[in-house]
There are 2 protein chains.
Amino acid sequence: MQKKRTTLKDIARATGVHVSTVSRALDPTERKSITPEVVAKIQAAAERLDYRPNRIAFGLRTNRTMTVGVVIPDITNPIFPPILRGIESVLEPLGYASIIVNTDSEREREIRLLEVLRDRGVDGVIHAAVLRSDPSIAKAAQDGLSVVTLNRRVENSNIPYVINDEDMGICEMLRHLTKLGHRRIAHLAGPQDLSTGQLRLAAFRNAAERMSIEIDPQLIVTAIRFDEDEGARCTRDLLTSGHDFTAVLCANDRLALGCIDVLRENGLDCPSDISVSGFNDMPFLQLARPRLTTVRIQQYDAGITAASILLRLMNAGADDDIPLETVLPVELLERESTGPVAAQRR
Amino acid sequence: MQKKRTTLKDIARATGVHVSTVSRALDPTERKSITPEVVAKIQAAAERLDYRPNRIAFGLRTNRTMTVGVVIPDITNPIFPPILRGIESVLEPLGYASIIVNTDSEREREIRLLEVLRDRGVDGVIHAAVLRSDPSIAKAAQDGLSVVTLNRRVENSNIPYVINDEDMGICEMLRHLTKLGHRRIAHLAGPQDLSTGQLRLAAFRNAAERMSIEIDPQLIVTAIRFDEDEGARCTRDLLTSGHDFTAVLCANDRLALGCIDVLRENGLDCPSDISVSGFNDMPFLQLARPRLTTVRIQQYDAGITAASILLRLMNAGADDDIPLETVLPVELLERESTGPVAAQRR
DNA sequence: CGCCAATGTGCAATCGTTTGCATATTCAGT
DNA sequence: ACTGAATATGCAAACGATTGCACATTGGCG
């Protein structure tokens with residue numbers, strides 16, 4: 001590895017004081033108990049010798065690694081990079097580094113990777129991939145690890161969580177579609193073992209009930225992954241089922257993209273024949289045509305918020321009052337994939 | 001932090017042997033010097049007490065953190081997530097964790113983040129964001145840090161590098177365009193302070209020369225960022241310059257997307273009026289219409305390759321022969337954005 | 001039966017910090 | 001000037017592992 005780094009001992013030798021004095025002189029909170037001039041001398045020496053504290057030794061002694069773990073399903077899902085940048089933007093300036101792990105939404109992987117993070121002694125974890133019931137993360141939190149979940153809460157726990165106002169998003173989208181005259185509205189639901197999939201389906205049902213829209217159970221079809229292929233498959237199922245519909249509210253953008261493709265294959269134009277809506281407003285969505293009507297969720301800000309809460313959690317004593325729930329607002333984006341219901345369908 | 005983890009000392013106490021014996025019994029390479037039955041006893045105890053080695057202490061003693069740094073320009077650029085997954089796929093099973101940092105292509109940030117990584121004692125670095133001249137990474141390598149660069153080489157150094165065969169990609173693209181009858185071919189070059197920007201421009205010039213295609217210097221216009229806005233701006237410059245061209249070979253996909261937009265604004269259809277090509281085949285590119293003719297570079301595999309080389313570098317003695325250069329093949333993808341040159345232009 | 005080598009285990013130092021406690025010095029108050 | 005704090009520094013023990021070396025035990029061989 002590197003040639004040889006200068007240590008506290010080197011500085012002690014160079015200045016003729018004890019290593020503990022050097023340590024104190026270099027620590028802003030302890031510095032006050034040291035004569036200013038020897039502090040100056042030590043700092044000068046530290047500067048001259050290009051001293052860099054050894055974080056490993058620090059970590060061993062203090063049990064603080066200045067490292068946090070970030071657990072996500074898959075970094076290649078474009079909604080996560082902005083979240084990570086948001087997290088980084090608050091943690092990195094404070095000297096924290098983050099270790100990012102991808103669970104691929106597999107329970108075993110998630111458990112194992114959480115172990116890995118704990119073994120490495122991370123000071124806290126931001127978890128954006130909790131499954132619906134997740135004992136491992138709950139146990140970790142109970143053992144005293146600082147944890148914040150993102151996009152999802154762990155039920156029956158006091159783990160703080162940051163979520164987007166998905167209910168509101170689904171609700172506004174539904175209102176938008178009804179305003180355009182749609183009544184027979186299908187829902188492409190996401191995987192029900194995933195946070196968002198389940199939440200959005202529930203939100204859809206609730207909103208429909210509140211708005212007194214009758215939902216044909218046959219018009220709700222569930223994807224097993226959040227991707228274009230599943231959006232396509234579900235849409236085919238919908239079409240072959242023979243049930244009539246004029247709009248498809250999809251649980252995320254990728255499902256919507258797959259949906260539109262299959263509609264087109266079947267000679268149905270979006271939006272003039274059938275309206276389709278997405279969710280997330282994921283990056284690069286603007287490449288698609290027609291431009292997708294969707295719900296924008298805050299990605300960067302969600303990262304910032306989660307990281308800020310984690311910080312408070314890690315530093316604060318139990319006295320501090322950390323908000324258990326943070327709900328970030330969403331925004332309806334009306335674009336081209338939704339339009340007034342066609343005069344007559346079929 | 002966690003309640004209390006069991007340490008070697010706990011196991012020693014439980015089994016009645018010395019802590020050093022425990023250490024050896026648990027280390028596969030040292031195990032042979034211990035009686036099999038005491039090994040068994042110790043392993044049983046370790047199992048029972050749920051022993052997990054403390055990586056921090058290990059790191060302090062051995063100066064190996066089992067951590068690597070990955071330096072990229074920006075994780076929100078979709079070509080990087082697959083690279084990261086590739087890296088992870090080889091490093092994670094071996095017990096390595098990676099710390100990912102984003103430089104935003106800013107020299108100061110890069111230098112600072114490299115410091116951060118060195119401070120944390122990473123065992124090695126995969127650097128996918130080196131600038132054209134980069135003393136900091138060269139110095140780090142000289143100090144004994146294991147370094148592999150990705151997508152770019154540090155000149156005059158023996159730092160191993162993994163690159164895509166960009167020359168070949170540009171060359172094949174040019175050949176493709178000429179085969180379609182294009183002669184007046186413009187180039188939207190990338191930022192010249194960035195690896196890829198400069199390389200691809202050079203490749204373009206070389207290929208043109210080799211194929212005896214005369215390139216009008218006025219038809220080469222340089223972007224200052226690799227994004228759609230710059231692609232748009234450059235295309236406007238090209239159009240207002242009044243120089244004639246029938247195809248635009250862009251240094252990356254995003255420039256090409258911006259280019260096509262501006263052509264469309266000006267009533268020019270791609271590809272029937274003007275052909276446009278990209279580079280990278282970035283994720284989600286398939287959303288765009290017309291589907292872009294581009295050059296696919298290997299992303300996941302590049303990550304795998306770089307990580308494998310880094311591994312050899314970290315573990316091997318100087319005796320090992322590590323390949324200095326690895327060039328990954330690229331692939332021309334003919335899609336819809338390029339076509340035969342129009343009968344007459346303007 | 002004795003000696004030496006081989007083998008298995010223990011001892012203790014070490015990695016670079018932090019930090020409670022002891023000690024040495026200074027200084028003010030009376 | 002003497003006492004008593006207050007203040008500044010040093011000492012040494014941690015943190016949890018690895019590892020060179022010393023030592024003890026065993027067994028083989030002459």
Side-chain angles (χ1 to χ4, degrees), chain A residues 1-43 45-46 49-67 95 118-121 123, chain B residues 1-43 45-46 49-67 95 118-121 123:
Chain A
M1 314 302 134
Q2 348 291 67
K3 293 284 179 201
K4 76 226 157 291
R5 288 158 56 105
T6 102
T7 77
L8 287 189
K9 210 183 292 182
D10 297 328
I11 302 185
R13 197 176 313 121
T15 55
V17 300
H18 193 265
V19 51
S20 64
T21 308
V22 178
S23 171
R24 283 189 258 258
L26 261 26
D27 177 352
T29 76
E30 289 278 352
R31 183 171 312 161
K32 56 177 171 357
S33 57
I34 305 276
T35 316
E37 51 202 31
V38 26
V39 167
K41 184 173 61 177
I42 290 174
Q43 285 183 321
L49 299 178
D50 187 33
Y51 170 72
R52 339 223 35 146
N54 182 324
R55 288 171 166 285
I56 308 295
F58 175 92
L60 180 58
R61 178 64 228 249
T62 64
N63 216 26
R64 302 184 58 212
T65 54
M66 298 300 281
T67 306
R118 297 184 72 179
D119 281 356
R120 288 186 166 268
D123 296 336
Chain B
M1 317 299 135
Q2 347 291 66
K3 292 285 179 203
K4 78 229 155 291
R5 290 157 56 105
T6 100
T7 77
L8 287 190
K9 210 183 293 181
D10 297 327
I11 302 184
R13 198 175 312 122
T15 55
V17 300
H18 193 265
V19 50
S20 62
T21 308
V22 179
S23 171
R24 284 190 257 258
L26 262 25
D27 177 353
T29 76
E30 290 277 351
R31 185 170 311 159
K32 56 175 171 1
S33 57
I34 307 275
T35 316
E37 51 202 30
V38 26
V39 167
K41 185 174 62 176
I42 290 175
Q43 284 183 322
L49 299 177
D50 187 33
Y51 170 72
R52 337 222 35 145
N54 183 323
R55 290 173 165 283
I56 308 295
F58 175 91
L60 180 59
R61 180 61 229 252
T62 64
N63 216 24
R64 303 185 57 211
T65 54
M66 299 300 281
T67 306
R118 298 185 72 179
D119 281 356
R120 288 185 168 269
D123 296 336

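Lettering follows sequence order; numbering is per chain, from 1. What's counted below: heavy atoms across the whole structure, side chains too, no hydrogens, waters or symmetry copies.
Comparing A:K9 and A:F58 by the nucleotide of DNA chain C that holds the closest heavy atom to each, the one mapping nearer the 5' end is A:K9. With the nearest nucleotide of DNA chain C identified for both B:K32 and A:A57, B:K32 has the one nearer the 5' end.
Atom P of nucleotide C:dT17 and atom CG of B:N63 are separated by 12 Å, given to the nearest angstrom. Remark: P of D:dT26 and CD of B:E37 are 13 Å apart, rounded to the nearest angstrom. Atoms CZ (B:R31) and P (C:dT7) sit 19 Å apart, rounded to a whole Å. For the pair A:D27 CG and D:dA8 P, the interatomic distance rounds to 16 Å; values are reported in whole Å. Rounding to whole angstrom units, CZ of residue A:R5 and P of C:dC15 are separated by 14 Å. One atom, CG of B:L26, and another, P of C:dT9, lie 14 Å apart when rounded to the nearest Å. Atom CD1 of A:I42 and atom P of D:dA8 are 13 Å apart (whole Å). Between B:R55 atom CZ and C:dC15 atom C1' there is a gap of 18 Å when expressed in whole angstrom units.
Partners of B:R31 under the side-chain hydrogen bond (donor to acceptor under 3.5 Å, both in side chains) rule, at least two apart in sequence or in another chain, do not exist in this structure.
Backbone-only engagement by B:T7 is indicated by non-hydrogen atom pairs under 4.0 Å involving sugar-phosphate atoms exclusively. When heavy atoms are screened at a 4.0 angstrom cut-off, B:T35 is found touching the sugar-phosphate backbone but no base atom. Residue contacts shown for B:R24 include a base, since a base heavy atom lies under 4.0 Å away. Within 4.0 Å of A:S33, counting heavy atoms only, lies at least one base atom of the nucleic acid. At a threshold of 4.0 angstrom between heavy atoms, the contacts of B:T62 are confined to the sugar-phosphate backbone, with no base atom among them.
Here the closest heavy-atom approach between residue A:N54 and residue A:I56 is recorded as OD1-N, 2.7 Å.
Annotation: side chain of A:Q43 is not in contact with side chain of A:T15 (no heavy-atom distance under 4.5 Å). Between B:L8 and B:L26, some side-chain heavy-atom pair lies under the 4.5 Å cut-off. Between B:Y51 and B:V22 there is no side-chain heavy-atom pair separated by less than 4.5 Å.
Checking C:dG10, D:dA12, D:dG16 against every side-chain atom of B:L60, the shortest atom distance belongs to D:dG16. Of the listed nucleotides (D:dA12, D:dA17, C:dT17), D:dA17 has the atom at the smallest distance from the side chain of B:N54.
Put simply, B:S23 has no side-chain N or O that comes within less than 4.0 Å of OP1 or OP2 on D:dA17. Distances shown here put every side-chain N or O of A:H18 at or beyond 4.0 Å from the OP1 or OP2 atom of D:dT9.
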